Asker: 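Could you have a look at this structure, given as structure tokens, before my questions?
Residue numbers begin at 1 in each chain, while the letters A, B, ... track the order of the sequences. Note that the structure is predicted; figures quoted are calculated from it, not measured.
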Amino acid sequence: MPQITLPDGTIKSFENPISAHDIAMSIGERLAKACVGCLIDEELSDLSTVIEHDCTLSLVTEKTRDKQDDPNALNLLRHSTAHVMAEAIQRIIPGAMLVYGPALDNGFYYDISFPEDRPLRDGDFEAIEKEMGAIVKENRPFTRYELEYSEGLEKVKAEGSKYKLDNAHRAHRAGSLTLSFYATGEPGKDWEDLCRGPHIPSTGRIGAFKIMSLASSYWHGDENSDRLTRVYGTSFFSKKDLNKHLEQLEEAKKRDHRVLGKKLKLFAIDETVGQGLILWTPNGSVVRKELQNFISAELTKQGYHEVFTPHIGKLDLYRTSGHFPYYAESQFPPLIERDHMHSLSEEGCSCAELSNHLKTGEIEGFMLKPMNCPHHIKVFDSQPHSYKDLPVRLAEFGTVYRWEQSGELNGMTRVRGFTQDDAHLFCTPDQIGQEVQGCLSLVKTIFRILGMNEYRVRVGLRDPDSGKYTGDPANWDKAEQACRDAAETLGVPFTEEPGEAAFYGPKIDFIVKDVIGREWQLGTVQVDYNLPERFDLSYIGPDNEKHRPVMIHRAPFGSMERFIGVLIEHFAGAFPVWLAPEQVRVLPISEKSNDYAHEVMSALHAVGIRSTMDNHDQRVQAKIKNGSEMKIPYLLIVGPRDAENRAVSVRAFGIEKDLGQMPLDNFVSAIGEEYRTKGRSSVRDRFATVNA
RNA sequence: GCCACUGUAGCUCAGUGGUAGAGCGCACCCUUGGUAAGGGUGAGGUCGAGAGUUCAAAUCUCUCCAGCGGCUCCA
């Protein structure tokens with residue numbers, strides 16, 4: 001006699017075991033119709049699940065009461081659509097073997113192994129969608145049935161897919177005594193799949209769906225295992241929702257830093273220069289320079305010293321740091337001295353031999369620096385230090401080069417040459433907490449000024465079961481605690497992740513999402529007990545003895561490339577005045593006003609405002625359109641009426657109508673103020689005061 | 001690195017075996033205008049590179065290069 005507790009607290013009792021669907025019916029027929037699944041004791045389940053014991057029950061409908069999408073409903077829908085898609089694909093390509101097909105946040109995928117002679121191509125999408133449409137139209141119920149493990153295993157074996165067999169084994173190992181199958185229709189007659197479920201009641205509930213793209217994946221995510229084809233799709237309860245989703249994707253595309261980078265002329269990548277190597281065009285260089293100046297100023301306030309170091313270093317430097325040959329795969333190949341090259345080629349030296357010579361140090365060479373730390377260490381070590389000097393904080397916008405896999409490169413966010421806003425702090429063990437704290441407060445300041453509040457923090461700790469870490473475990477414990485304490489003070493979500501530490505020390509990472517939801521690691525703060533050891537660094541303590549300093553690596557922005565890539569998307573290209581490459585554009589109404597427009601521009605240039613003039617032979621409407629498309633903060637329309645009053649008519653980006661007229665001198669001082677204060681005071685404010 | 005797709009004018013793209021196209025941008029001319037595209041004329045292309053098939057290749061095939069979406073990786 002199950003007692004069912006509903007979300008509002010009411011308790012319903014039933015004489016016999018009863019399905020969730022029938023419970024919904026007992027409340028109301030319309031509710032039952034709207035249901036696609038249920039939560040039984042918080043576990044997402046089929047609506048057809050028969051309840052035998054006391055539990056809490058929450059019915060899952062297409063939309064929540066406030067007409068929002070219900071994530072649970074979409075999850076059921078999408079996993080079910082994955083089944084429909086798999087059936088359609090197997091009808092078209094009978095040899096396709098299914099692997100795994102889960103729902104995602106905004107869709108679903110199915111990993112499938114296709115016969116070698118019949119791969120899936122995106123030209124197949126139309127035919128698959130047509131088949132799927134037919135299956136949806138047939139409105140076949142998703143029917144669950146369970147077999148006892150050994151019996152189920154026989155069935156899976158008979159079907160002959162090693163992937164599904166593996167899934168069955170995994171389910172068993174996870175403690176499952178039975179195997180569950182879902183038929184799309186009638187078991188034994190219609191298509192079915194080994195599946196944990198749950199599903200929506202029937203295919204007819206799938207309102208709209210679309211196959212999105214193909215990708216490749218590896219079985220179990222293992223690069224050395226079978227290669228699978230991953231088919232991505234999405235579905236919604238209504239065509240309207242699907243269209244809305246597709247429109248959002250289009251909108252996101254417009255914010256993409258790669259699209260905006262081209263349109264706003266911020267950066268370029270040229271394949272003859274090399275993939276993953278950013279060319280900063282004048283506009284992008286302005287943004288970068290403003291940011292760098294800002295960071296430099298903040299660093300000076302915090303007692304940092306800027307240094308400059310070369311882009312290359314001897315291999316021996318990296319042998320000492322431990323990065324060569326250990327990380328040779330992810331570095332550009334070494335540069336070898338000319339004399340060595342000659343003699344080696346005369347000796348007929350093979351690549352493998354050369355590589356060995358480099359590893360053992362029999363041949364010396366140079367390397368493009370993959371990180372700045374060894375150079376900064378050498379700066380620190382170029383003179384003796386007293387404990388009174390510590391902490392020593394060395395900062396550099398240091399450009400580094402890493403050999404990223406070609407398939408991983410992505411606009412400005414994943415590149416092969418990038419400039420870190422790097423710094424290394426050398427301190428006593430006692431100073432770690434305070435210094436980590438200082439790094440985080442800098443991050444906080446910078447993110448606040450930029451209005452970037454949507455980031456999360458990851459505290460990378462060592463994996464206790466791994467031996468790859470160097471250094472004293474007691475020191476590790478102390479450093480990990482310092483990171484944890486510092487992260488807590490930030491006031492944003494943070495997670496602790498064992499195994500995410502660098503080999504030399506624990507770290508704090510700042511992670512943001514790009515417009516299409518991909519996460520990127522930006523800044524990082526890392527404690528390092530290892531490199532000071534390897535480089536035998538020391539300072540003289542109060543006891544007149546040598547002591548080992550601790551190092552902290554930190555780069556709050558990560559790299560200028562990635563950060564500005566993310567920043568372009570954050571602002572959708574509409575930079576605030578202090579960062580905008582073009583802060584003001586003067587639009588003369590006709591050639592007759594060109595002279596006054598020049599005067600206006602000179603007045604702005606005189607106070608360091610980046611302004612241009614649009615002297616095309618076009619109407620002002622067209623000039624306004626062009627100016628807005630370039631997302632320029634202020635457009636100044638100047639015509640005879642303005643010239644007469646020595647005024648300008650101001651139009652601010654993002655405002656439909658113009659702000660009105662303002663005396664030229666006032667505008668110049670107002671925008672100068674907006675520039676200097678990074679927006680805390682603005683031209684708009686000035687208008688507001690005048691109008692108030 | 002792997003799989004799929006894409007590569008045509010400065011940009012966005014059409015062109016599927018038979019003389020290379022459009023819109024925007026650019027230059028010039030007309031227009032001299034007041035808040036999101038006035039009108040006209042013109043310049044601009046080894047169709048990503050190389051090889052092959054063919055009487056004929058932007059188009060078909062192969063190799064390479066690059067981009068995009070994922071996977072894997074990211075000190």
Asker: Considering every strand shown, what is the Watson-Crick or G-U wobble mate of B/G17 when both distances are under 3.5 Å?
Answerer: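 B/G17 is unpaired by these criteria.
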Asker: With a 4.0 Å limit, can you tell me whether A/R258 has a side-chain N or O closer than that to the phosphate oxygens OP1/OP2 of B/C68?
Answerer: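 For A/R258, the contact criterion (side-chain N or O under 4.0 Å from OP1 or OP2 of B/C68) is met.
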Asker: Pick base, sugar-phosphate or nothing for A/Q331, based on heavy-atom distances below 4.0 Å to the nucleic acid.
Answerer: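 Base, at least one base heavy atom under 4.0 Å.
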Asker: Is it true that the NZ or CZ of A/R230 lies under 6.0 Å from the centre of A/Y109's six-membered ring and within 45 degrees of the ring axis?
Answerer: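 Yes; both conditions hold, so A/R230 lies above the ring face of A/Y109.
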Asker: Rounded to whole Å, please give me the gap between NZ in A/K265 and P in B/G25.
Answerer: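 The distance from NZ of A/K265 to P of B/G25 comes to 12 Å, rounded to the nearest Å.
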Asker: Looking at B/G67, I'd like to know if its phosphate oxygens (OP1 or OP2) sit under 4.0 Å from a side-chain N or O belonging to A/N410.
Answerer: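 Checking A/N410 against B/G67: no side-chain N or O falls below 4.0 Å of OP1 or OP2.
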Asker: Measuring from the side chain of A/D617 (C-beta onward, heavy atoms only), which nucleotide among B/A75, B/C30, B/A37 has the closest atom?
Answerer: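 Among B/A75, B/C30, B/A37, the one nearest the side chain of A/D617 is B/C30.
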Asker: What residues form a side chain to side chain contact (heavy atoms under 4.5 Å, CB included) with A/E500, not counting sequence neighbours?
Answerer: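 Checked A/E500 against side chain to side chain contact (heavy atoms under 4.5 Å, CB included); matches are A/R458, A/E497.
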Asker: Pairing check on B/G23: which nucleotide meets the Watson-Crick or G-U wobble criteria with it, both distances under 3.5 Å?
Answerer: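 Checking every strand shown, B/G23 finds its partner in B/C11, with both distances under 3.5 Å.
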Asker: Please determine if A/E599 and A/R646 form a salt bridge, counting it only when a charged side-chain N lies under 4.0 Å from a carboxylate O.
Answerer: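 Salt bridge: yes.
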Asker: From B/U31, B/A36, B/C71, pick the nucleotide closest to the side chain of A/R230?
Answerer: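 So the side chain of A/R230 is nearest to B/C71.
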Asker: Taking all heavy atoms of A/H375 and all of A/L317, pick out the closest pair and write down the distance.
Answerer: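 For A/H375 and A/L317, the tightest heavy-atom pair comes out as CE1-CD2, 4.0 Å.
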Asker: With rounding to the closest Å, how many angstrom separate the P atoms on B/A66 and B/C2?
Answerer: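 Pairwise P distance, B/A66 against B/C2, rounds to 12 Å.
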Asker: Is A/D124 salt-bridged to A/R118, cutoff N-O under 4.0 Å?
Answerer: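 The answer is yes: the pair qualifies as a salt bridge.
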Asker: If we only count heavy atoms from C-beta on, is the A/W520 to A/R562 side-chain gap below 4.5 Å?
Answerer: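 The answer is yes; the side chains approach within 4.5 Å.
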Asker: Return the 5'-most residue of the pair A/I269, A/A501 with respect to RNA chain B, ranking by each residue's nearest nucleotide.
Answerer: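 Closest to the 5' end, via its nearest nucleotide, is A/I269.
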Asker: Between A/F332 (CZ) and B/A75 (C1'), how many Å, whole number?
Answerer: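 Going from CZ in A/F332 over to C1' in B/A75 covers 16 Å.
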Asker: A/D222 CG to B/C73 C1': how many Å, rounded?
Answerer: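 Result: 13 Å.
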Asker: What is the distance, to the nearest angstrom, from the OH atom on A/Y596 to the P atom on B/G34?
Answerer: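 Value for this atom pair: 19 Å.
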Asker: Among the candidates B/G25, B/A75, B/A36, find the nucleotide nearest to the side-chain atoms of A/K625.
Answerer: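 Nucleotide nearest to A/K625's side chain: B/A36.
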Asker: In residues 640-650 of chain A, which ones come under 4.0 Å of RNA chain B, going by heavy atoms?
Answerer: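 Result for residues 640-650 of chain A: A/P640, A/R641, A/D642, A/S649, sorted by number.
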Asker: Who does B/U63 pair with, Watson-Crick or G-U, both distances under 3.5 Å?
Answerer: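 Matched B/U63 with B/A49 under the 3.5 Å cut-off.
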Asker: How many Å lie between CE on A/M630 and P on B/C24, as a whole number?
Answerer: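 Rounded to whole Å, this separation is 18 Å.
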Asker: Verify the contact: side-chain N or O of A/H616 to OP1 or OP2 of B/C26, cut-off strictly under 4.0 Å; return yes or no.
Answerer: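 Affirmative; the distance criterion is met.
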Asker: With no hydrogens and no angle check, just 3.5 Å: does a side-chain donor-acceptor pair link A/D658 and A/S649?
Answerer: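 Side chains of A/D658 and A/S649: no pair found under 3.5 Å.
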Asker: Of the nucleotides B/U32, B/A75, B/G34, which one has an atom closest to the side chain of A/V620?
Answerer: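 Nucleotide nearest to A/V620's side chain: B/G34.
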Asker: Do other residues, nucleotides or ligands put more than 12 heavy atoms under 6.0 Å from the OH atom of A/Y100?
Answerer: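 It does not: A/Y100 OH has 12 such atoms or fewer within range.
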Asker: Rounded off to whole Å, could you give me the CD-to-P distance for the A/Q618 and B/A36 pair?
Answerer: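 After rounding, the gap between these two atoms is 14 Å.
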Asker: Test: ring-ring contact (aromatic ring centres under 6.0 Å, His included). Region: residues 622-660 of chain A. Which pairs qualify, not counting sequence neighbours?
Answerer: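 Qualifying pairs, neighbours excluded: A/Y634-A/F667.
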Asker: Does A/R414 get its side chain close enough to the base of B/C73, under 3.5 Å, for a donor-acceptor pair?
Answerer: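 Answer is yes: a donor-acceptor pair is held.
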Asker: Of A/I637 and A/N626, whose nearest nucleotide on RNA chain B comes first from the 5' end?
Answerer: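 It is A/N626, whose closest nucleotide lies nearer the 5' terminus.
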Asker: Could you tell me which residues satisfy ring-ring contact (aromatic ring centres under 6.0 Å, His included) with A/F324, sequence neighbours excluded, listed by chain and number?
Answerer: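 Partners of A/F324 by the ring-ring contact (aromatic ring centres under 6.0 Å, His included) criterion come out as none, since no residue qualifies.
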Asker: Please determine whether a side-chain nitrogen of the Lys or Arg among A/R170 and A/D166 lies less than 4.0 Å from a carboxylate oxygen of the Asp or Glu.
Answerer: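 Here A/R170 pairs with A/D166 in a salt bridge, since their nearest N and O are under 4.0 Å apart.
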Asker: Partner of B/C71 by Watson-Crick or G-U wobble geometry, both contacts under 3.5 Å, or none?
Answerer: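 Partner of B/C71: B/G1.
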Asker: Using whole Å, what does the distance between atom P of nucleotide B/A75 and atom CE of A/M551 come to?
Answerer: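 After rounding, the gap between these two atoms is 16 Å.
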Asker: Now, which nucleotide makes the Watson-Crick or G-U wobble pair with B/C28, with each of the two distances under 3.5 Å?
Answerer: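 By the stated definition (distances under 3.5 Å), B/G40 pairs with B/C28.
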Asker: Generate the contact string for nucleotides 2-13 of chain B. Rules: B means base contact, S means sugar-phosphate contact only, - means no protein heavy atom under 4.0 Å.
Answerer: BBSS-----SS-
Asker: Are there any protein N/O atoms within less than 3.5 Å of an N/O atom in nucleotides 43-47 of chain B, and if so, which ones and at what distance?
Answerer:
none

Asker: Please determine, by modelled atom types, if A/H616 and A/N626 share a side-chain donor-acceptor pair under 3.5 angstrom.
Answerer: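 There is no such pair between these side chains.
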Asker: Classify A/Y232 by what it touches in the nucleic acid, base, sugar-phosphate, or nothing, heavy-atom distance under 4.0 Å.
Answerer: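 Answer is sugar-phosphate: A/Y232 comes under 4.0 Å of backbone atoms only.
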Asker: Strictly below 4.0 Å, N to O, side chains only: are A/R255 and A/E251 in salt-bridge contact?
Answerer: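 Salt bridge between A/R255 and A/E251, a charged N being under 4.0 Å from a carboxylate O: no.
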Asker: A/F510 vs A/Y455 aromatic rings, parallel, tilted or perpendicular, using cut-offs 30° and 60°?
Answerer: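 Ring orientation, 0 to 90° scale: perpendicular.
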Asker: Contact class for A/Q405 (heavy atom, under 4.0 Å): base, sugar-phosphate, or nothing?
Answerer: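 A/Q405: base contact, heavy atoms under 4.0 Å.
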Asker: Counting only side-chain nitrogens and oxygens, does A/Q275 get under 4.0 Å of the OP1 or OP2 atom of B/G67?
Answerer: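 Yes, within the criterion.
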Asker: Across the strands shown, which category fits A/E629 at heavy-atom distances under 4.0 angstrom: base, sugar-phosphate, nothing?
Answerer: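 Result for A/E629 = nothing.
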Asker: Please report the distance separating the P of B/U54 from the corresponding atom of B/G44, rounded so that it comes out in whole Å.
Answerer: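 Those two atoms are separated by 35 Å.
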Asker: What interatomic distance, in whole Å, is found between C1' of B/C55 and the corresponding atom of B/G17?
Answerer: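 One C1' to the other, the span is 12 Å.
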Asker: Indicate, with a heavy-atom threshold strictly under 4.0 Å, whether A/G322 touches base, sugar-phosphate, or nothing.
Answerer: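 No contact.
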